[in-house]
Number of protein chains: 2
Amino acid sequence: MAAGADSGSSGRARTSVWLEGRPAPKRRGERPTGLDRLDRDRIVAATVRLLDSEGLARFSMRRLAAELGVTAMSVYWYVDTKDDLLELALDAVTGEVELEEDPGADWRDQLRELAVSYRGLLVVHPWVSPLMGEYLNVGPHALAVTGVAQRVLRRSGLAPEQLPGALALIYQFTYGFATIEGRFARRCADAGISQDDFYRQVIGTIEDRPEFDETRDIRESRTGATVEELRTCDFAFALDCVIAGIESLRAPSRRV
Amino acid sequence: MAAGADSGSSGRARTSVWLEGRPAPKRRGERPTGLDRLDRDRIVAATVRLLDSEGLARFSMRRLAAELGVTAMSVYWYVDTKDDLLELALDAVTGEVELEEDPGADWRDQLRELAVSYRGLLVVHPWVSPLMGEYLNVGPHALAVTGVAQRVLRRSGLAPEQLPGALALIYQFTYGFATIEGRFARRCADAGISQDDFYRQVIGTIEDRPEFDETRDIRESRTGATVEELRTCDFAFALDCVIAGIESLRAPSRRV
DNA sequence: ACCTGAACACCGTTCAAGT
DNA sequence: ACCTGAACACCGTTCAAGT
């Protein structure tokens, strides 16, 4: 199976569930015999649960149906394709990002909090990251996140035409950073070793080789910390860089 | 098929071709009857060609074998799994990143050039991005790229313990940015519309909705440019932010 | 040493049929 | 309206067999 991606495996070239006709559940209203009935929400919830526990590669429509105690094809009554279902699951967990807006707070703190929360999402659900790259990511929750980020960033004093670039910087950096982080974690889990052990192992095979001499001072400046701690440090420093950069490039007239 | 990812589809939990025993081709030396023979390099080259032309989702071992005029299973003589093959293809194209090092040049220019070249790789080969997230990316060419980036960054005057965070910032931002870019391009190509048409279409469905009022000034500041131009602008501004941030956070003693 | 064929255990999805 | 069964056209990979 490996790293399949791309869309259009089934021939049709849809762009997004959210941009097509039917973002709402098919029929609702009278269903007195509910309870054990299928349901779009139940399907999406089960999808998220399966993706969390077994990963994207092991997820299949048949596996999902089994989990729901139903035949493989029943799911297709509620969802057009596997892609659409994954897109729904993606937006569902995107709702987990914390979005309390406090217009009185420092925009730097707010931006940091947002980035940290977003990173958390990608690390807790490692399957989110490949799907974000795969789909357009224009579901309601995704739009809410970018909306908040945009408003926070605006308070920094950047000019309107500077905002998209700055937003992309913070957003894509966090995405890329947490992607690697989540993948690495899952790799280690699959291989049955701790992240720290694996890190030490890699360092071990590298230390001898002369081409890595020039980075010895970096490695030595980081001994004694766990991989987790190191990453949190790196992430924080990168955010500091971004914020410092924004502060030095924003329109001088609006300097606070 | 959709967005498969994750490793270990076949059960074994390998971490990387490069970290296992056999990075070099199996046997070489006497092969007088070559020419139409299979060969690891030929296999990887054909893989890259197929991935470029048809995308990751449509790539399969059987499809590859057909392309090579050979039976499906012949490939397995040279390569252990599909994952390994994809990892080899990934590192092969990573070699396309331009890496002329000029210790005399301004580190800012060098960093920009490196990021632009790296972005180019991801946009030209949209299948690279999901694979980078998927694998550990520790092939020789990948290591060469990070090596150069690290040396350039070092000339900025950052302290050793600041380097990993700064490297992650530039690297992951570029990765994330180009990932979205490449995906969007391929989506449009698959749907048979130009990126500009699709952009206009999205804007069209958004303009009316009141929740997008607050970003109207941003959209108005960007009319008349192509999607391509806008993205190049955003990318450049983000890089400026990063560089400005590094300059303001580097150890004062080494200020140039 | 290198390549093939048949087979296994999977996929996503269609379609006609059941209730 | 909702669910099922059988079927189609695929997968990656194993394994015994050919040359």
Side-chain angles (χ1 to χ4, degrees), chain A residues 1-14 22 25-40 42-43 47 50 54-87 134, chain B residues 1-14 22 25-40 42-43 47 50 54-87 134:
Chain A
M1 198 150 322
D6 267 64
S7 69
S9 51
S10 58
R12 17 177 167 170
R14 307 186 64 190
R22 193 183 35 74
K26 232 156 195 172
R27 297 226 64 209
R28 213 70 322 185
E30 12 64 47
R31 49 188 225 64
T33 38
L35 238 42
D36 58 337
R37 256 321 207 297
L38 235 44
D39 175 314
R40 206 188 240 213
R42 275 193 56 206
I43 290 174
T47 302
L50 268 180
E54 310 194 353
L56 185 52
R58 275 178 278 273
F59 176 82
S60 78
M61 297 299 270
R62 290 168 140 107
R63 181 82 190 71
L64 170 66
E67 184 80 5
L68 289 164
V70 105
T71 219
M73 299 299 92
S74 311
V75 179
Y76 281 95
W77 181 257
Y78 299 92
V79 138
D80 274 3
T81 68
K82 185 187 179 188
D83 283 286
D84 281 6
L85 176 55
L86 290 175
E87 213 174 336
E134 171 73 3
Chain B
M1 197 151 320
D6 267 66
S7 70
S9 51
S10 57
R12 18 180 165 166
R14 309 185 63 190
R22 191 183 36 75
K26 231 155 195 172
R27 298 224 66 210
R28 214 71 321 188
E30 12 62 47
R31 50 189 225 62
T33 39
L35 240 39
D36 58 339
R37 257 320 207 295
L38 235 42
D39 175 314
R40 206 189 239 210
R42 273 193 58 204
I43 290 174
T47 302
L50 268 180
E54 311 193 353
L56 185 54
R58 276 178 277 273
F59 176 82
S60 78
M61 297 299 269
R62 290 168 139 105
R63 181 80 191 73
L64 169 68
E67 184 79 5
L68 289 165
V70 106
T71 220
M73 298 301 90
S74 311
V75 179
Y76 281 94
W77 182 258
Y78 299 91
V79 139
D80 274 3
T81 68
K82 186 188 178 186
D83 283 286
D84 281 6
L85 176 56
L86 291 175
E87 214 174 335
E134 172 73 4

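Each chain gets a letter, A, B and so on, in the order its sequence line appears, and its residues count up from 1.
Residue Thr71(A) comes nearest to Ala65(A) through the heavy atom pair O-CB, 3.5 Å, listed as atom of the first residue, atom of the second, then distance.
Separating the OG1 atom in Thr81(A) from the CD atom in Glu87(A) is a distance of 8.5 Å, to the nearest 0.5 Å. For the atom pair Glu134(A) CD and Leu56(B) CG, the distance stands at 9.0 Å (nearest 0.5 Å). To the nearest 0.5 Å, atoms NZ (Lys82(B)) and CG (Leu64(B)) are separated by 10.0 Å. Here Thr47(B) contributes atom OG1 and Leu68(B) contributes atom CG; the two are 7.0 Å apart, rounded to the nearest 0.5 Å. A distance of 6.5 Å separates CG in Asp83(A) from CG in Leu86(A), rounded to the nearest 0.5 Å.
We find that CG of Asp80(B) is positioned 13 Å from C1' of dG12(D), with the value rounded to whole Å. Between Tyr76(B) atom OH and dA16(D) atom C1' there is a gap of 17 Å when expressed in whole angstrom units. If you measure from atom CZ of Arg42(B) to atom P of dC2(C), you get 14 Å, rounded to the nearest angstrom. For Arg40(B) and dC2(C), the CZ to P distance is 13 Å, given to the nearest whole Å. For Leu56(A) and dC11(C), the CG to P distance is 13 Å, given to the nearest whole Å. When the P atom of dC2(D) is taken as reference, atom CD1 of Ile43(A) falls 11 Å away, rounded to whole Å. Taking atom NZ on Lys82(A) and atom P on dC11(D), their separation rounds to 15 Å, with Å as the unit.
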Its dot-bracket string being built from Watson-Crick and G-U pairs below 3.5 Å, with | for another strand and [ ] for crossing, DNA chain C has the pattern ||.|||||...|||||.||
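Two residues are said to be in side-chain contact when any heavy atoms from C-beta on lie closer than 4.5 Å; Arg42(B) and Tyr78(B) fail this criterion.
Note on Ser74(B): a base of the nucleic acid sits closer than 4.0 angstrom, heavy atoms only.
Every residue two or more places apart in sequence or in another chain that forms a salt bridge (Lys or Arg N to Asp or Glu O under 4.0 Å) with Arg63(B) is listed here: Glu54(B), Glu67(B).
DNA chain C lies under 4.0 Å from at least one heavy atom of each of the following residues of residues 61-73 of chain B: Arg62(B), Val70(B), Thr71(B), Met73(B).
Close to dA1(D), at under 4.0 Å from its OP1 or OP2, lies no side-chain N or O of Tyr78(A). Within the structure, a side-chain polar atom (N or O) of Trp77(B) is placed less than 4.0 Å from OP1 or OP2 of dC2(C).
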Walk me through whether Phe59(B) and Leu85(B) qualify under side chain to side chain contact (heavy atoms under 4.5 Å, CB included). CA-CA 12 Å; Phe59(B) 176 82; Leu85(B) 176 56; 4.1 Å; yes
